Amino acid sequence: MGLYVIGDLHLSLSTNKPMDIFGDVWKGHTEKLKESFSQLKGDDTIILCGDTSWGISLDEALADFQFIDALPGEKIILKGNHDYWWETVSKMNAFFEKHDLKTLRILHNNAYFYGDYAICGTRGWFRDEETADMKHNQKVLNREVMRLETSLKAAGEKEILCFLHYPPMYYGYECQEVMQMLQKYHVKACYYGHLHGPSHKKAIEGPRMGINFSLIASDYLRFQLKKICE
């Protein structure tokens with residue numbers, strides 16, 4: 001039994017969204033993911049940190065969900081900025097049940113438990129005061145911080161592993177609201193995605209402010225799952 005993480009699968013089995021336009025590393029990435037997942041067993045757990053499917057509705061994303069569901073292990077999915085298929089938790093769970101998708105779970109205003117750890121997280125957002133969208137971005141960020149705190153509170157006394165789609169910090173940027181929340185709840189490890197291609201060089205890896213950060217975007221990991229613990 002093991003706990004793994006990866007983000008930004010960007011699957012498009014029923015949509016015309018080839019990812020290799022973003023670089024050769026994306027060529028055949030669906031098969032690379034399938035091969036990486038093949039190492040797993042049914043009792044393993046994998047956190048998928050957003051941007052899972054390019055489908056713009058649950059129905060359009062169904063082929064991608066079926067692909068993921070057929071892979072070994074239980075999958076816990078959080079929202080990314082490109083997950084346009086995202087609905088309420090009740091609608092998503094009903095859709096999964098209707099289509100006999102048995103290994104998919106949603107991380108949203110809740111926490112899951114794995115041994116001595118609590119699995120917490122949310123999409124996150126960014127803080128940018130220099131654009132015309134400043135007020136909108138701040139409103140979205142405030143909601144995400146509330147969702148993050150709801151998830152962190154649900155951890156109880158367990159040690160927290162936090163999973164986000166947006167990085168709470170990278171070189172030249174820090175989302176103070178998210179970082180303050182991580183520190184308030186004594187988070188020791190944070191995994192995030194979203195950064196691709198040339199943006200990888202901005203990623204912060206390792207300890208910062210008492211938190212160990214890891215970029216787990218799929219192209220950064222070369223589509224190999226990152227193992228967190230047994």
Side-chain angles (χ1 to χ4, degrees), residues 2-15 17 19 29-30 33-34 36-37 40 42-114 117-125 143-144 147-148 150-152 154-155 160-167 190-194 214-221 223 225-228:
L3 181 64
Y4 298 80
V5 63
I6 194 169
D8 305 86
L9 303 189
H10 285 295
L11 297 172
S12 57
L13 295 177
S14 61
T15 58
K17 194 74 174 182
M19 290 299 295
H29 86 284
T30 302
L33 289 168
K34 185 176 181 179
S36 181
F37 271 81
L40 303 183
D43 59 357
D44 290 327
T45 299
I46 308 94
I47 318 301
L48 303 179
C49 286
D51 284 6
T52 300
S53 168
W54 279 113
I56 62 172
S57 67
L58 286 169
D59 286 330
E60 192 168 274
L62 177 58
D64 297 330
F65 295 142
Q66 290 171 329
F67 171 80
I68 296 169
D69 187 62
L71 299 173
E74 179 176 302
K75 299 89 185 180
I76 298 175
I77 304 173
L78 59 90
K79 187 178 184 180
N81 61 305
H82 291 301
D83 287 319
Y84 304 119
W85 51 268
W86 194 270
E87 293 278 2
T88 64
V89 172
S90 59
K91 286 184 179 179
M92 290 186 286
N93 285 336
F95 183 84
F96 294 162
E97 183 176 358
K98 175 182 177 181
H99 294 281
D100 200 33
L101 303 171
K102 298 183 181 300
T103 70
L104 308 184
R105 309 286 182 266
I106 297 296
L107 180 59
H108 187 73
N109 290 325
N110 61 342
Y112 291 91
F113 299 97
Y114 185 92
Y117 298 103
I119 295 169
C120 302
T122 189
R123 174 182 58 178
W125 200 244
R143 286 201 302 263
E144 286 297 309
R147 289 170 180 149
L148 176 58
T150 298
S151 180
L152 295 172
I160 296 172
L161 301 174
C162 186
F163 300 88
L164 301 168
H165 179 68
Y166 281 98
C190 180
Y191 303 85
Y192 65 90
H194 187 64
S214 298
L215 173 59
I216 45 74
S218 63
D219 57 330
Y220 183 75
L221 297 179
F223 309 99
L225 299 173
K226 182 180 181 69
K227 190 171 186 178
I228 298 173

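Please read these numbers as outputs of a predicted model, since none were measured by experiment.
Between the Y114 side chain and the G2 main chain, a donor and an acceptor come within less than 3.5 Å of each other. S214 contributes no side-chain N or O that, together with a main-chain N or O of Y191, makes up a donor-acceptor pair within less than 3.5 Å. Without hydrogens or angle criteria, S36 side chain to L225 main chain gives a donor-acceptor distance under 3.5 Å. At least one donor-acceptor pair closer than 3.5 Å links the side chain of Y112 to the backbone N or O of I106. No side-chain donor-acceptor contact under 3.5 Å links D51 to the backbone of H194. Side chain of S218 to main chain of D8: a donor-acceptor pair is present (N/O by atom type, distance under 3.5 Å, no hydrogens or angles).
Between I228 and F163 the shortest side-chain heavy-atom distance falls below 4.5 Å. Counting heavy atoms from C-beta on, the side chains of E144 and Y166 never come closer than 4.5 Å. Taking 4.5 Å as the limit, some side-chain heavy atom of L62 sits within range of a side-chain heavy atom of L101. Looking at heavy atoms from C-beta onward, L148 lies in side-chain contact with L164 at the 4.5 angstrom threshold. Residues H82 and H10 have side chains in contact (heavy-atom distance under 4.5 Å, counting atoms from C-beta outward). In this structure the side chain of F65 never reaches within 4.5 angstrom of the side chain of H99, judged on heavy atoms. The shortest distance between side-chain heavy atoms of I68 and L9 falls below 4.5 Å. Contact of the L71 side chain with the L33 side chain is not registered, since no non-hydrogen atoms from C-beta on lie closer than 4.5 Å.
No more than 12 heavy atoms of other residues, nucleotides or ligands sit less than 6.0 Å from atom OH of Y117. Remark: K34 NZ is loosely packed, at most 12 non-hydrogen atoms of other residues, nucleotides or ligands lying under 6.0 Å away.
Rounding to the nearest 0.5 angstrom, the gap separating the CG atom in L78 from the CD1 atom in I47 is 8.0 Å. The line from CG of D69 to CD of E74 is 10.5 Å long, rounded to the nearest 0.5 Å. Residue T122 holds its OG1 atom at 11.5 Å from NE2 of H165, rounded to the nearest 0.5 Å. Taking OG1 of T88 as the reference point, atom NE2 of H108 lies at 9.0 Å (rounded to 0.5 Å). Put simply, CG on L13 and CG on D64 are 4.5 Å apart, with the number rounded to the nearest 0.5 Å. Taking CG of D100 as the reference point, atom CD of Q66 lies at 9.5 Å (rounded to 0.5 Å).
Results of the side-chain contact (heavy atoms from CB on, under 4.5 Å) test with W86 over K79, R123, K91 single out K79 as the only residue that passes.
For the pair F95 and D59, the tightest heavy-atom approach, listed with the atom from each and the gap, is CE1-OD1, 3.2 Å. Closest heavy-atom contact between C120 and A155: SG-CB, 3.8 Å. Considering every non-hydrogen atom in both T150 and N109, the closest pair reads CG2-O, 3.6 Å. Listed here is the closest heavy atom pair of L215 and Y220: O-CD2, 3.3 Å. The shortest heavy-atom contact between T103 and G73 is CB-O, 3.5 Å. The heavy-atom pair separating W54 from S12 by the smallest distance is CD1-CB, 4.0 Å.
Classification of the H29-F223 ring pair by plane angle, with boundaries at 30° and 60°, yields tilted.
Qualifying side chain to side chain donor-acceptor pair (under 3.5 Å) partners for W85, counting only residues two or more places apart in sequence or in other chains: D83.
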Report task. Output, in order, the C-alpha distance, side-chain angles, deciding distance and verdict of side chain to side chain contact (heavy atoms under 4.5 Å, CB included) for I76 and I46. Result -> CA-CA 6 Å; I76 298 175; I46 308 94; over 6 Å; no
